[in-house]
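Computed from heavy atoms alone, side chains included, the values below leave out hydrogens, waters and symmetry copies.
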Amino acid sequence: MNRFLIALTLISVTLFLSCNGEQGNNTPAQAGAAEQQSGSQQPKVQGYANKPKAVEDSRYARLLVLNYWVFEKYYHPEKPKKDLGKGRWFKFEKDGSFVSGRWEDQTASGSWRLYTRENKQFILLDSTNDKEDAEFEIQAINGDEDTMAWVGTEAYPEFKPVSLIITNLLSIPTKAQFGVQ
């Protein structure tokens with residue numbers, strides 16, 4: 001019986017270490033998270049993001065992979081949470097990965113996907129910072145295709161009361177650009 005318990009323990013430890021030790025095969029999202037956690041200036045995040053999968057070609061996908069998408073207007077009924085939306089940005093990649101941040105700082109990475117449900121378009125964000133995991137309905141795109149309106153869904157109650165206007169910029173937003181000091 002003791003040999004069985006020792007063997008089971010060794011197998012469990014080996015499996016755990018092999019799952020956590022796959023450093024050489026990191027996706028861009030995982031590599032970004034590893035860099036983020038090892039860098040002394042980047043905050044450590046709690047969570048896990050699924051491996052990215054290439055995003056199917058669509059109008060939404062083609063728009064989202066252009067440049068940086070910045071939260072221009074972020075509506076939340078609680079002021080402290082509303083303030084956290086200022087300066088937030090995402091850089092989406094065709095491979096289904098993203099990096100995100102606030103102002104000049106990268107805060108997380110992860111995977112994203114688009115899907116249609118009940119004739120509505122949705123984006124799912126699976127971040128290495130689990131507090132940033134969210135699902136939004138993409139409700140509108142302006143005529144110039146450089147601004148979108150997103151609304152949080154019930155899938156992630158923290159973001160359900162959120163509605164935002166997200167704008168495409170060529171670079172990461174700075175406080176100076178937005179008049180924030």
> Kindly indicate whether the side chain of F178, heavy atoms from C-beta on, has any atom under 4.5 Å from the side chain of V70.
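Yes; the side chains approach each other to less than 4.5 Å.
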
> Taking the side chain as C-beta and beyond, is there a heavy-atom pair between I138 and I123 under 4.5 Å?
yes

> Kindly say whether K160 contributes a backbone atom to a donor-acceptor pair with the side chain of E154 at under 3.5 angstrom?
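Flag not set: sc E154 to bb K160 has no pair under 3.5 Å.
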
> Suppose we screen for ring-ring contact (aromatic ring centres under 6.0 Å, His included). Which residues come up paired with Y75, at least two apart in sequence or across chains?
none

> Go through it in stages, so that I can follow the logic: the residues are L114 and Q121, the test is side-chain contact (heavy atoms from CB on, under 4.5 Å), and I'd like the CA-CA distance, side-chain angles, deciding distance and then a yes or no.
CA-CA 7 Å; L114 292 168; Q121 188 67 45; 3.5 Å; yes

> Using the rule that Ile, Leu, Val, Met, Phe, Trp and Tyr join whenever any side-chain heavy atoms are under 4.5 Å apart, tell me whether I166 and I141 fall into a single cluster.
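Yes, I166 and I141 fall within the same hydrophobic cluster.
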
> Considering all heavy atoms of both residues, which atom of K91 and which atom of V65 are nearest to each other, and what is their separation?
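For K91 and V65, the tightest heavy-atom pair comes out as NZ-O, 3.6 Å.
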
> Going by the rule ring-ring contact (aromatic ring centres under 6.0 Å, His included), which residues pair with W89 if we only count those two or more places apart in sequence or in a different chain?
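ring-ring contact (aromatic ring centres under 6.0 Å, His included) check on W89 returns Y68.
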
> Is it the case that D95 and S97 place a side-chain donor and acceptor less than 3.5 Å from each other?
yes

> Quick check against the 3.5 Å criterion: does T174 have a side-chain atom that pairs as donor or acceptor with the backbone of Q177?
yes

> If you round to the nearest 0.5 Å, how far is NZ of K86 from NZ of K175?
11.0 Å

> Where is the tightest heavy-atom contact between T107 and R102, given as atom of each residue plus distance?
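Nearest heavy atoms, T107 then R102: CG2-N, 4.0 Å.
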
> Is there a donor-acceptor contact under 3.5 Å linking the side chains of T153 and E135?
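Their side chains do contain a donor-acceptor pair, which is all the 3.5 Å distance test asks for.
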
> Tell me the closest heavy-atom pair linking F159 and A134, and the distance in Å.
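So the two residues come closest at CD1-CB, 3.7 Å.
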
> At what distance, to the nearest 0.5 angstrom, does CG of D133 lie from CG of L124?
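Separation between the atoms: 7.5 Å.
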
> Can you check whether N168's main-chain N or O pairs, donor with acceptor, with N67's side chain at less than 3.5 Å?
no

> How long is the span from the OG1 atom in T167 to the CG atom in D146, to the nearest 0.5 Å?
7.0 Å

> Can any side-chain N or O of S58 pair as donor or acceptor with the backbone N or O of A61 at less than 3.5 Å?
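Present.
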
> So which of H76, K81, K82 actually passes side chain to side chain contact (heavy atoms under 4.5 Å, CB included) with P161?
H76

> Nearest 0.5 angstrom please: L63 CG to F92 CZ, how far?
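CZ of F92 is found 11.5 Å from CG of L63.
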
> Same cluster or not: V55 versus Y60, using hydrophobic residues (I, L, V, M, F, W, Y) connected whenever any side-chain heavy atoms lie under 4.5 Å apart?
yes

> Taking the side chain as C-beta and beyond, is there a heavy-atom pair between L66 and R62 under 4.5 Å?
no

> What's the spacing between K131 NZ and Y156 OH if we round to 0.5 Å?
16.0 Å

> Looking at W69, F98, F90, which hits side chain to side chain contact (heavy atoms under 4.5 Å, CB included) with L64?
W69

> Restricting to non-hydrogen atoms, name the atom on G87 and the atom on P173 that form the minimum distance, rounded to 0.1 Å.
O-CG, 3.9 Å

> Using the rule that Ile, Leu, Val, Met, Phe, Trp and Tyr join whenever any side-chain heavy atoms are under 4.5 Å apart, tell me whether I172 and L169 fall into a single cluster.
yes

> Between the side chains of R59 and E145, is the shortest nitrogen-to-carboxylate-oxygen separation below 4.0 Å, so that they form an ion pair?
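Counted as a salt bridge, because a side-chain N and a carboxylate O are separated by less than 4.0 Å.
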
> Quick one: closest heavy-atom pair of S111 and A49, and the distance?
N-CB, 4.3 Å

> How close do A108 and S127 get, counting heavy atoms only, and between which atoms?
CB-OG, 3.3 Å

> Once you round to the nearest 0.5 Å, how far does OH of Y74 lie from CZ of R88?
8.0 Å

> Under 6.0 Å from the ring centre and within 45 degrees of the ring axis: does the NZ or CZ of R117 meet both conditions for the six-membered ring of F122?
yes

> Can you check whether N129's main-chain N or O pairs, donor with acceptor, with E132's side chain at less than 3.5 Å?
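No: the side chain of E132 does not pair with the backbone of N129.
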
